[in-house]
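Worksheet for the structure shown next.
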Amino acid sequence: MLGPVRIATWNVNSVLAREPRMLEWLERVAPDVVCLQETKCDDAAFPRAGVEALGYEVAAHGEGRWNGVALLSRVGIDDVRRGLPSDPGFPTPDVREARAVSATCGGVRVWSVYVPNGREPGHEHYAYKLAWFDALRDAVAAELPGPLAVMGDFNVAPTDADVWDPKAFTHSTHVTPPERGALAALRDLGLGDVVPRALKYDIPFTYWDYRAGMFHKNLGMRIDLVYASEPVRTRVTDAWIDREARKGKGASDHAPVVVELSDES
DNA sequence: ATGTCCACAACATGTGGA
C-alpha cells in the first residue's frame with residue numbers, strides 16, 4: 001500500500017456540530033490521514049457514514065460529553081490502539097479519558113492526541129497534564145524508531161513566539177517551563193516539531209478563542225502540533241495552517257494543520 | 001463589564017469546560 005502524502009490534524013470542537021464543515025473540508029483538502037480531537041461523542045454516535053462515503057476508514061475513541069479523538073484514513077488503518085498504557089487518569093487513576101488513539105496508516109504510525117488543558121498552574125488538572133505527557137512519552141518511545149507522527153492539540157505553546165502576547169500568559173498554563181519540558185522530552189525521543197506556514201500574517205497560530213474577536217484580531221496561539229520522527233521529517237515538503245477553516249459560521253475555534261509528504265522510495 | 005461555542009439535563013435556562 002502506498003503511504004500517505006497529505007496528513008492533517010484538527011481539533012473540531014464536536015464532530016457532530018462540525019460534520020457539515022468537516023465534510024466540505026475533506027473534499028476541498030483531500031488529506032490521506034486526519035487526526036481529530038474534541039470529537040465530543042461516543043463511538044456509537046460518531047458520524048461515520050459521511051466520511052466513509054468519501055473513502056475514509058474511521059478509528060474513533062470517544063466518551064460522550066467531553067474529549068474524544070479519532071483517526072480518518074484512506075491509506076489503511078491497522079493496529080488501532082486506544083488510550084495510553086500508563087494513563088494517569090483523572091480525577092482518579094481508574095477514570096481514563098479518551099485522549100489518544102493510534103494506528104498504522106500506510107506504513108506511518110499516527111497518533112491523534114488531545115492533551116489535558118491543565119486549567120491553571122498548581123491545579124490538580126495541571127499535575128494530571130504533566131503525568132499524561134509522561135504516559136504519552138512512554139507509549140511513543142515503545143514504538144520508535146520508525147516512521148511516526150504524534151499530531152493533535154498539545155495545549156502547549158512551544159515558545160513565547162507561539163502566543164499573541166507572552167505577557168498575557170504570565171500566570172497561565174500552556175507556556176510554563178514544565179509544560180515546555182514535556183515537549184522537550186518528546187523531542188529527546190527523536191521527534192521534531194514540524195512548524196507550518198501561516199499563509200496569512202507572520203505567526204502560524206492554530207487556535208483563536210471564540211470570544212472578543214480574537215480571530216479577527218489574529219490574537220491566537222500555536223498549540224496544535226505535529227511531532228514527527230526522522231523518517232517522516234525527511235519526507236516533509238510543506239506544512240501549512242488552513243485558516244479558511246476557522247472563518248465564518250459554524251467554525252471550530254481551531255484551524256487544521258496540514259503536512260505534505262513526498263512519495264516513499 | 002469574563003465577550004462564544006459546545007454538550008448535557010431537561011424542556012427553560014443553567015452548568016461546566018475550553
Side-chain angles (χ1 to χ4, degrees), chain A residues 9-25 35-48 50 60-70 87-92 95-100 112-133 136 151-158 162-165 167-176 179 182 205-225 241-257:
Chain A
T9 183
W10 192 10
N11 179 323
V12 288
N13 186 17
S14 171
V15 72
L16 291 167
R18 212 65 56 219
E19 190 187 12
R21 291 279 303 239
M22 183 178 71
L23 294 177
E24 273 176 38
W25 181 81
C35 301
L36 301 176
Q37 300 87 37
E38 286 205 81
T39 53
K40 294 186 176 177
C41 72
D42 64 34
D43 296 349
F46 192 96
R48 308 180 74 97
H61 179 40
E63 63 182 48
R65 187 171 187 180
W66 289 308
N67 311 312
V69 287
D87 191 317
F90 186 83
T92 52
V95 183
R96 294 185 160 201
E97 300 180 305
R99 294 182 177 275
S112 178
V113 301
Y114 176 50
V115 176
N117 172 287
R119 311 272 168 82
E120 57 188 58
H123 195 283
E124 54 183 18
H125 205 261
Y126 178 81
Y128 166 57
K129 179 179 195 172
L130 297 177
W132 197 92
F133 261 124
L136 175 65
M151 309 175 60
D153 181 352
F154 284 63
N155 270 316
V156 180
D162 295 308
V163 297
W164 77 87
D165 180 5
K167 289 191 287 297
F169 288 82
T170 44
H171 299 293
S172 298
T173 57
H174 295 62
V175 299
T176 65
E179 290 168 285
F205 294 143
T206 65
Y207 163 82
W208 301 260
D209 198 295
Y210 282 124
R211 292 169 287 190
M214 299 288 269
F215 179 67
H216 181 70
K217 293 184 271 191
N218 197 35
L219 302 180
M221 306 170 72
R222 186 171 76 93
I223 55 174
D224 299 272
L225 307 177
I241 291 164
D242 189 0
R243 29 185 342 278
E244 294 301 312
R246 179 63 180 79
K247 293 180 180 175
K249 199 168 176 57
S252 171
D253 43 359
H254 295 249
V257 179

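A note on names: the letters A, B, ... follow the listed sequences, proteins ahead of strands, and every chain is numbered from 1.
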Looking only at atom C1', what distance separates dT2(B) and dA18(B), rounded to whole Å? 13 Å
Whom does dT2(B) pair with, Watson-Crick or G-U wobble, provided both distances fall under 3.5 Å? none
For dA7(B), give its Watson-Crick or G-U wobble partner with both distances under 3.5 Å, or none. dT15(B)
SB check Glu24(A) Arg21(A) (cutoff 4.0 Å): no
Quantified in whole Å, what is the P atom distance between nucleotide dA10(B) and nucleotide dG16(B)? 15 Å
Parallel, tilted or perpendicular: which describes the rings of Trp10(A) and Trp25(A), with under 30° parallel and over 60° perpendicular? tilted
Here's one to test your reading of the geometry: is the NZ or CZ of Arg246(A) within 45 degrees of the ring axis of Phe215(A) and under 6.0 Å from its centre? yes
Scan nucleotides 6-18 of chain B nucleotide by nucleotide, 5' to 3', and note B when protein non-hydrogen atoms come under 4.0 Å of the base, S if they reach only the sugar-phosphate, - if neither. SBB------B-SB
Taking atom P in both dA1(B) and dA12(B), compute the distance separating them and give it to the nearest angstrom. 34 Å
Side-chain heavy-atom pair Glu120(A), His171(A) within 4.5 angstrom cut-off: no
Would you call Arg18(A) and Thr39(A) a side-chain contact if the rule is heavy atoms closer than 4.5 Å? no
Find out whether Met214(A) and Leu219(A) are in side-chain contact, i.e. whether some heavy atom of one side chain is under 4.5 Å from a heavy atom of the other. yes
